[in-house]
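Structure, as structure tokens:
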Amino acid sequence: MVRVLSCLQPTGEIQLGNYLGAIRRWVQDQTPQSFHGVVDLHALTIPRDPAVLRAKTLETAQLLLAAGLDPNYTTIFVQSHVPEHPQMAWLLECTASLGELERMTQFKDKSAKTEGSFTSAGLLTYPTLMAADILLYDAELVPVGDDQRQHLELTRDVAQRFNSRYGTTFVIPRAGIAKVGARIMDLQEPTNKMSKSADSPQGTVKVLDEPKDIERKIKRAVTDTDGEVRFDPVTKPGVSNLLSILAATTGVADPASLAHNYQQYGPLKADTAAAVIEFLAPLQKRYHELSDDPGHVTQVLAAGAAKARTVASVVLARAKLNVGLLPG
Ligand code: TRP
């Protein structure tokens with residue numbers, strides 16, 4: 001059984017694209033060798049409202065549980081509950097080079113955006129914390145989106161460098177980049193990926209949206225004026241996106257095969273909205289049950305952190321010993 005790890009930041013609200021592209025796959029592929037973290041320490045690279053961060057961390061964990069990750073089976077934890085993460089991150093910060101971190105495109109993009117204001121040192125060292133998340137669990141496979149490919153490469157480079165300096169310590173992970181199956185685009189700007197960080201509330205279906213809001217957003221989705229229902233993401237991005245969403249939420253593998261059922265955009269939108277609402281209903285129901293019982297979720301997360309630590313503490317001890325720290 002392959003050891004799998006992937007994590008999610010508790011920022012923004014989970015939307016349909018995250019769910020179909022990432023979380024659903026984690027749920028389908030879960031085994032007792034799966035580890036999934038809500039990485040709250042990563043969220044601190046920019047200043048956040050403490051109350052909001054706390055609430056989002058709980059909400060994200062509840063969503064993972066509602067989506068079907070089973071804590072009796074896989075390990076679900078909050079990053080800051082496992083103190084091995086920042087400890088390991090320091091060892092890796094001292095293994096990565098400044099130039100390597102400065103070359104990360106995400107760092108360049110984000111620090112350019114904050115230019116003139118405040119850029120935290122954490123924004124630069126963030127990939128070594130991510131590497132710690134992965135290496136602490138001897139993860140072999142890390143399912144991530146394409147935007148994280150470079151961070152995975154850095155993780156591999158740093159792990160290899162550590163191994164060659166100090167002797168074999170880490171398992172070298174590989175990235176599991178999803179095949180471009182269900183690529184869900186923004187409903188208002190269908191050439192952009194639907195994103196929890198994009199400022200496009202009308203183009204983004206959040207998994208906890210009320211049915212009436214889902215319906216409104218899908219009915220107002222941008223299409224085009226030629227009036228023909230055809231799957232052609234290049235010339236007809238809006239219509240193709242609706243077909244992709246309909247296919248993904250009804251379990252149809254090929255969105256193009258649905259096009260001939262429709263002569264007009266109206267019925268396509270109505271069916272897509274109904275399909276999304278029905279698809280999300282069980283998740284929403286479980287989510288609300290969990291939010292009615294926060295004590296239960298707290299217990300589940302405590303047990304998850306304890307389980308995570310049994311693995312992470314062994315790997316951290318191995319790394320500390322190999323690097324030359326005196327055992328305490
Ligand atoms: N950096 C990832 C993101 O922004 C989140 C993340 C943190 C992660 N640690 C990880 C993903 C470890 C996979 C494995 O989406």
Side-chain angles (χ1 to χ4, degrees), residues 2-15 17-27 29-30 33-46 48 53 56-57 60-61 63-64 69 74-89 92-93 96 101 104-111 113 120 122-159 170-178 184 193-198 304-305 308 311-312 315:
V2 177
R3 174 72 62 83
V4 178
L5 174 135
S6 195
C7 303
L8 195 62
Q9 287 200 46
T11 51
E13 284 179 63
I14 312 274
Q15 41 76 18
N18 297 129
Y19 179 52
L20 289 170
I23 298 169
R24 194 169 57 144
R25 213 157 43 104
W26 301 358
V27 172
D29 297 346
Q30 68 184 316
Q33 293 297 323
S34 312
F35 289 78
H36 294 292
V38 179
V39 288
D40 52 352
L41 298 173
H42 276 90
L44 298 176
T45 53
I46 57 173
R48 310 236 173 227
L53 175 61
K56 288 275 172 205
T57 302
T60 306
L63 245 156
L64 293 180
L69 282 183
T74 71
T75 306
I76 303 160
F77 62 94
V78 172
Q79 185 186 34
S80 66
H81 296 175
V82 183
E84 284 78 5
H85 287 247
Q87 290 189 49
M88 181 66 97
L92 301 177
E93 261 177 68
L101 295 174
M104 293 290 111
T105 44
Q106 199 174 79
F107 171 70
K108 287 195 280 191
D109 292 350
K110 292 199 174 171
S111 57
K113 269 189 211 153
S120 73
L123 201 60
L124 178 71
T125 58
Y126 164 115
T128 55
L129 180 59
M130 175 163 165
D133 300 339
I134 297 167
L135 300 177
L136 271 175
Y137 297 91
D138 286 338
E140 297 163 80
L141 182 67
V142 183
V144 282
D146 198 40
D147 62 326
Q148 297 297 319
R149 190 191 290 271
Q150 204 184 24
H151 291 156
L152 243 294
E153 274 308 311
L154 180 92
T155 301
R156 291 167 55 90
D157 291 346
V158 168
F170 296 127
V171 171
I172 309 298
R174 64 192 160 84
I177 309 279
I184 304 302
K193 228 171 92 174
M194 192 181 280
S195 154
K196 65 177 174 175
S197 49
V311 177
V315 180

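Counting starts at 1 for both ligands and their atoms, in listed order.
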What short N/O contacts, under 3.5 Å, does ligand 1 make with the protein, listed by atom pair and distance?
unit_1   : atom_1 : unit_2 : atom_2 : d
ligand 1 : 1 (N)  : Y126   : OH     : 2.5
ligand 1 : 1 (N)  : Q148   : OE1    : 3.1
ligand 1 : 4 (O)  : Q9     : NE2    : 3.2
ligand 1 : 4 (O)  : Y126   : OH     : 2.9
ligand 1 : 4 (O)  : Q148   : NE2    : 3.4
ligand 1 : 9 (N)  : D133   : OD2    : 2.6

Salt bridge (charged side-chain N to carboxylate O under 4.0 Å, His left out) pairs touching residues 76-89, sequence neighbours excluded, are E84-R309
Residue pairs involving residues 127-140 (criterion salt bridge (charged side-chain N to carboxylate O under 4.0 Å, His left out); sequence neighbours excluded):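 Sorted pair list: D138-R318.
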Contacts of A305 meeting side chain to side chain contact (heavy atoms under 4.5 Å, CB included) (sequence neighbours excluded), chain-then-number -> H81, V82
Would you check if the distance from the ring center of F107 to the ring center of H151 is below 6.0 Å? no
As an exercise, state the distance from OG1 of T11 to CD1 of I46, rounded to the nearest 0.5 Å. 7.5 Å
Using a distance-only test with no angle check, is there a side-chain donor-acceptor pair under 3.5 angstrom linking D109 and Q106?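 There is no such pair (donor and acceptor under 3.5 Å, judged by atom type) between the side chains of D109 and Q106.
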